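Reviewing the structure listed below.
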There are 2 protein chains.
Amino acid sequence: MKIGELAKQSGLTAHTLRFYEKQGLISPSTRSQSNYRLYSQQDLSTAKFIKRSRTMGFSLEEVEVFLSIRADKPAHICADAKDIAQQKIIDVQQKIEELQQVLVALHKLSDACCGGGESAEFCSIIDALDDSENTVTSNTTNIQEGVV
Amino acid sequence: MKIGELAKQSGLTAHTLRFYEKQGLISPSTRSQSNYRLYSQQDLSTAKFIKRSRTMGFSLEEVEVFLSIRADKPAHICADAKDIAQQKIIDVQQKIEELQQVLVALHKLSDACCGGGESAEFCSIIDALDDSENTVTSNTTNIQEGVV
DNA sequence: TTAGACCTTAGAGTATAGTCTAAGGTCAAG
DNA sequence: CTTGACCTTAGACTATACTCTAAGGTCTAA
Ligand SMILES: [Zn+2]
Ligand SMILES: [Zn+2]
Ligand SMILES: [Zn+2]
Ligand SMILES: [Zn+2]
């Protein structure tokens, strides 16, 4: 099949497939007389493999390793694959924790602000982002704000 | 104070401060005879404001809006600031949910693999990333894998 | 006076993963 | 035999936020 067909069947775009080829992830089995890329069913399954891996959060570099394991399984061991997955789990967990901390901070920031149409003269958001000297941790200066 | 001092006191680098200046976020109050940037205490508090905003997860574009509110509070209303914070909360929550889904999928992927030194011939990670036709959702083909 | 720390600028490079364009070649159908 | 869909390439552009370099000027203290 030509690249457009592979794109349709894999859910990637032709552009992306050519880009992946440049990155060494997937190449057409053959070329037509007119130099069109021709892909096999094998190639389709590789394209889907890449897509699925990306969806799981793996980087192209990590996908490359998976592909090399997949290309020659007897030459690799389970640890090769699992190490990558485990590291990714750690990365994602850490990212989630970071975001959760950001979220808590954002809530603290946002909840104190009335969000109304009044002047931002005493807006607790702007105040809180300003020098912590003046940052209200719970409630003093900014009682003007609140649920008003 | 010169840029190096501001860098030290704000926790940003001189490079970053110049970059922020190019982006229109912060400019030195004056220049010395030798054209050195000279910053005031006001500038320091602005630099810290930016740093704090970035730490809260706001983009430079969003920080720019906060700065304009901060620069002329009476001209703005609380909603201006709160809208940004609320939207950021939504974005972060969505990102967290996405990552949690990825995490669940990663665990499913990783847990089924022994991670040992044996050949990857039947590695459930590689198998699962391959055609879903062969993807084991819970347990059949891949009993070879496991906690072995 | 000279070494070393600090400053200046424009502009290039880094990271990730695409996304798109220009200019042209190929192919099947009408 | 032409239209339109599809293909080719190299290379530029997008987004975000820095990060660094080169080549040079300034300042301070020994
Ligand atoms: Zn308010
Ligand atoms: Zn407010
Ligand atoms: Zn195993
Ligand atoms: Zn395995």
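Residue numbers begin at 1 in each chain, while the letters A, B, ... track the order of the sequences. It should be emphasised that the depicted structure is a prediction, and the values quoted were computed from it without experimental measurement.
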*Does B:L38 reach the side chain of B:S29, with side-chain heavy atoms less than 4.5 Å apart?*
no
*Separation of A:E5 atom CD from C:dC27 atom P, in whole Å?*
17 Å
*asked:* Using whole Å, what does the distance between atom C1' of nucleotide D:dT8 and atom CG of A:N35 come to?
replied: 7 Å
Under 3.5 Å, which protein N or O atoms sit close to an N or O of nucleotides 26-30 of chain D? Give each pair with its distance.
{"residue": "D:dT26", "atom": "O4'", "partner": "B:Y36", "partner atom": "OH", "Å": "3.0"}
{"residue": "D:dT26", "atom": "O3'", "partner": "B:S34", "partner atom": "OG", "Å": "3.3"}
{"residue": "D:dC27", "atom": "OP1", "partner": "B:S34", "partner atom": "OG", "Å": "2.8"}

*Rounded to whole angstroms, how far apart are CD1 on A:I3 and P on D:dA5?*
19 Å
*asked:* For a 4.5 angstrom cut-off between non-hydrogen side-chain atoms, does B:T16 reach B:T13?
replied: yes
_Pair A:E21, A:R31 - check salt bridge (charged side-chain N to carboxylate O under 4.0 Å, His left out), show working._
CA-CA 14 Å; A:E21 184 176 336; A:R31 291 276 187 150; 3.8 Å; yes
*B:D43 side chain to B:I26 backbone, donor-acceptor under 3.5 Å*: no
*Residues within residues 11-25 of chain A bordering DNA chain C, heavy-atom distance below 4.0 Å*: A:H15, A:T16, A:F19, A:Y20
*Can you check the B:I26 CD1 to D:dC18 C1' distance for me, whole Å?*
16 Å
*Not counting sequence neighbours, list each pair that qualifies as a salt bridge (charged side-chain N to carboxylate O under 4.0 Å, His left out) and has a residue in residues 79-89 of chain B.*
B:E62-B:K88
_Length of the CE-P vector between B:M1 and C:dA5, whole Å_ = 22 Å
*B:R31 CZ to D:dG25 P: how many Å, rounded?*
17 Å
*Could you point out which residue of B:T30, B:T46, B:I3 forms a side chain to side chain contact (heavy atoms under 4.5 Å, CB included) with B:Y39?*
B:I3
*Could you tell me whether the side chain of A:L25 reaches within less than 4.5 Å of the side chain of A:F49, counting heavy atoms only?*
no
*So does A:R70 pair up with A:E64, basic N to acidic O under 4.0 Å?*
no
_Position toward the 5' end of DNA chain C (nearest nucleotide), B:K8 or B:R37_ = B:K8
*Any stems for DNA chain D, made of 3 or more Watson-Crick or G-U pairs in a row, each with both distances under 3.5 Å?*
C:1-30 with D:1-30
*Do side-chain atoms of A:S110 reach the backbone of B:A85 as a donor and acceptor pair under 3.5 angstrom?*
no
Side chains of residues 71-79 of chain A: which donor-acceptor pairs under 3.5 Å do they make with residues two or more places apart or in other chains?
{"residue": "A:K73", "atom": "NZ", "partner": "B:D127", "partner atom": "OD1", "Å": "3.4"}
{"residue": "A:H76", "atom": "ND1", "partner": "A:D72", "partner atom": "O", "Å": "2.9"}

*Contact check, side chains of A:V63 and A:L67, non-hydrogen atoms, under 4.5 Å*: yes
*Do A:R54 and A:L60 come close enough that some side-chain heavy atom pair is under 4.5 Å?*
yes
*Those residues of residues 62-71 of chain A lying under 4.0 Å from DNA chain C by at least one heavy atom*: none
*From the options D:dT16, D:dT8, C:dT8, select the nucleotide whose nearest atom is closest to the side chain of B:E61.*
D:dT16
*Would one find a side-chain N or O of B:R54 under 4.0 angstrom from OP1 or OP2 of D:dA17?*
yes
*asked:* Run A:I89 and A:Q93 through side-chain contact (heavy atoms from CB on, under 4.5 Å) and show every step you take.
replied: CA-CA 6 Å; A:I89 286 174; A:Q93 267 169 346; 3.9 Å; yes
*Any donor-acceptor N or O pair under 3.5 Å, side chains B:E5, B:Q9*: yes
